[in-house]
Amino acid sequence: MYDSARRDVVPFVPLRPGQVRMYNCGPTVYDWQHIGNLYAYVVADVVRRTFEYAGYAVRQVMNITDVGHIVGDVDEGEDKMEIAAKRERKDPQALAAMYADRFFEDRHKLNIMDPTVVSKATDHIPQMIALIETLLEKGHAYVAADGVYYDVTTFPGYGTRLNPELPEERQAGARIDVNPNKRHAYDFALWRAAKPGDLQQWDSPWGRGNPGWHIECSAMSMAYLGETFDIHTGGEDHLFPHHECEIAQSEGATGKPFVRYWMHVRFLQVEGRGMHKSTGNTYVVSDLEAKGFDPLAFRLMGLNSGYRKPLNFTWRGLEDEQRRLDRWRSAIAGAALSAKATAAADADNVRQAFVAAITDDFNTPRALAVAEDAIALLSSPDRADRSRGLGLLFDIDRVLGLGLAAWCESATAIDDEAKALLAAREGARAAGDYARSDKLRDELREQGYVVKDTKEGQRWERVPVRMKKDS
RNA sequence: GGCGACGUGGCCAAGUGGUUAAGGCGAGGGUCUGCAAAACCCUUAUCGCGGGUUCGAUUCCCGCCGUCGCCUCCA
């Protein structure tokens, strides 16, 4: 797998044999999570599934940031939770809970598995305070007029672990003015003193206030995964400063290596451009559904691109993947009517090709190409081929997560009424009454069954769950 | 402005210092077919532009152009 810290593909060796401990940087739940956010979690999900497929026990932790953080300038800036809370006239906790629920609903629509542990920032304020105290004791932090800051000069190599650029080469304050309370431009807040009117504030040894952004990930990852763990994922935007700060905080406090492998997901683009609220091209899962797409078509789209390259989201591209998903489902349902899946053999060359692809830094595009070989088996005249194809696909889908086995189960169930219509249609066809047979075909379509005529007679399958796409 | 990365067929997208540059979608042709659908077969790329290294580069280096990200709190 590729490690952002080593900037190279390296073999994965777990800290504990047979176990993988992974932390996913979670969302700030002040609004809907758009498809770019969700994509990052699809990637994390594939990572988790890949390791489980390979036989590892995976402990996956994701945070929910329900504490607001500064949007603009450090001093004047407002906090996201505060803004949203005012906008929707809700208290921050209720707001966070609502958007967190929506986030999980969308994740489920994308077949993203729930992490082993979901940790909310507001539930871990004591752990954060304890960590800040340790940093103060060890001389890595200092108390200033408006909070507690981390002194980056006490941590050699700060800002260079995941970035080749030396901190002094960066232009501190390029985007915002440097806070005069800080000793060094790159010092970052561990604890911020409460400002009048702050909706979220807690008691601390340094007075009432709220935690800095970076500290929650250090505190919670250590709480659930230990001081050193295997994998930490996040978006490419987190390379600096967020993850550099986490390293400085965590290793500064423990004196031990923090994370063994860093993964950063390249941003999703829309029509080749950045996705920004200001340009109005951000989409959420329900936008896809409103246009008649199955959210899993979006998952498939995400799998079709490597996570280290930009994923170009286009409606046309989504249609492509929806078609592919429909074709897969159709082929699976068709094959399942006449063949039973046989467990994929370890030595099966298709399975081996799949393993080779997915263990090559989670090369899902290549894995999909392999899956196409299994799909091709489904239309073989040889029943054993079809059984093998089904078995391979269900096996492969443990990683892809497209819900193919569940689809197959629901797609091969038929009710008695439809059965009767099919029998009637068969009779009409045998009698050469095509007008009646076509009429029955339409009726079945309305009941949710697509009928196709093959040389072996009629074949039916469920109409895809989605509505008809717009033209 | 600085740093990092990406730029492959009509679209999405793998990949490699040198045999035929994966796969999907679309398009065109064909087989099959009462119609429709499906399935199957065939066709559809010299890899952003300009230099350089090399016996040989799409793959390595440099420059340029375009796009994306970061430069204090956004996956």
Angle class for the A:H243/A:H264 ring planes (parallel below 30°, perpendicular above 60°, tilted otherwise)?
tilted
With a sphere of 6.0 Å drawn around NZ of A:K452, does it hold more than 12 non-hydrogen atoms of other residues, nucleotides or ligands?
yes
Base versus backbone protein contacts along nucleotides 29-41 of chain B [heavy-atom cut-off under 4.0 Å; B, S, -]:
-----BBBBSSS-
Got a sec, which residues hit side chain to side chain donor-acceptor pair (under 3.5 Å) with A:R425, two or more places apart in sequence or on another chain?
A:D453, A:Q458
If the cut-off is 4.0 Å, is A:R308 near the phosphate of B:A5, judged by side-chain N/O to OP1 or OP2?
no
Residue list, side chain to side chain donor-acceptor pair (under 3.5 Å) with A:T233, at least two apart or on another chain:
A:N24
Under the salt bridge (charged side-chain N to carboxylate O under 4.0 Å, His left out) rule, what pairs show up with a residue in residues 231-242 of chain A, not counting sequence neighbours?
A:E236-A:R266
State the pairing partner of B:U67; accept Watson-Crick or G-U wobble contacts with both distances under 3.5 Å, and report none otherwise.
B:A5
B:C6 and B:A13, which share atom name P, separated by this distance in whole Å
14 Å
Return the set of residues passing side chain to side chain contact (heavy atoms under 4.5 Å, CB included) with A:D395 (not counting sequence neighbours), or none when no residue passes.
A:Y53, A:A344, A:R351, A:R398
On the side chain of A:N304, is there an atom forming a donor-acceptor pair with the base of B:C12 - under 3.5 Å, no angle test?
yes
Each nucleotide N or O in nucleotides 58-61 of chain B that has a protein N or O under 3.5 Å away: list the pair and distance.
none

Have a look at A:L300 and say if it touches a base, only the backbone sugar-phosphate, or nothing, with a 4.0 Å heavy-atom cut-off.
nothing
Sequence neighbours excluded, which residues qualify as side chain to side chain contact (heavy atoms under 4.5 Å, CB included) partners of A:N349?
A:R388
Taking atom C1' in both B:G10 and B:G2, compute the distance separating them and give it to the nearest angstrom.
38 Å
Reckon A:R266 touches a base, only the sugar-phosphate, or nothing at all at heavy-atom distances under 4.0 Å?
base
Mind checking what makes side chain to side chain contact (heavy atoms under 4.5 Å, CB included) contact with A:S387, not counting sequence neighbours?
A:A339, A:T342, A:R383
For B:G24 and B:C40, measure between their P atoms and round to the nearest Å.
10 Å
Protein N or O to nucleotides 7-9 of chain B N or O, pairs below 3.5 Å:
residue	atom	partner	partner atom	Å
B:G7	OP1	A:K309	NZ	3.3

Considering only the P atoms, how many Å lie between B:A5 and B:G9, rounded to the nearest integer?
23 Å
Across the strands shown, which category fits A:G317 at heavy-atom distances under 4.0 angstrom: base, sugar-phosphate, nothing?
nothing
Base, sugar-phosphate, or nothing: which does A:G306 touch, judged by heavy atoms less than 4.0 Å apart?
sugar-phosphate
Check whether the aromatic ring of A:F267 stacks on the base of B:A75, taking stacking as ring centres less than 5.5 Å apart and planes within 30° of each other.
yes
Is A:H242 close enough to B:C71 that one of its side-chain N or O atoms is under 4.0 Å from OP1 or OP2 there?
no
Residues in side chain to side chain contact (heavy atoms under 4.5 Å, CB included) contact with A:R273, at least two apart in sequence or another chain
none
Listed partners of A:D360 passing side chain to side chain donor-acceptor pair (under 3.5 Å), at least two apart
A:R366
How would you label the contact of A:D187 with the nucleic acid (heavy atoms, under 4.0 Å): base, sugar-phosphate, or nothing?
base
Going by side chain to side chain donor-acceptor pair (under 3.5 Å), name the residues that satisfy it together with A:S437, two or more places apart in sequence or in a different chain.
none
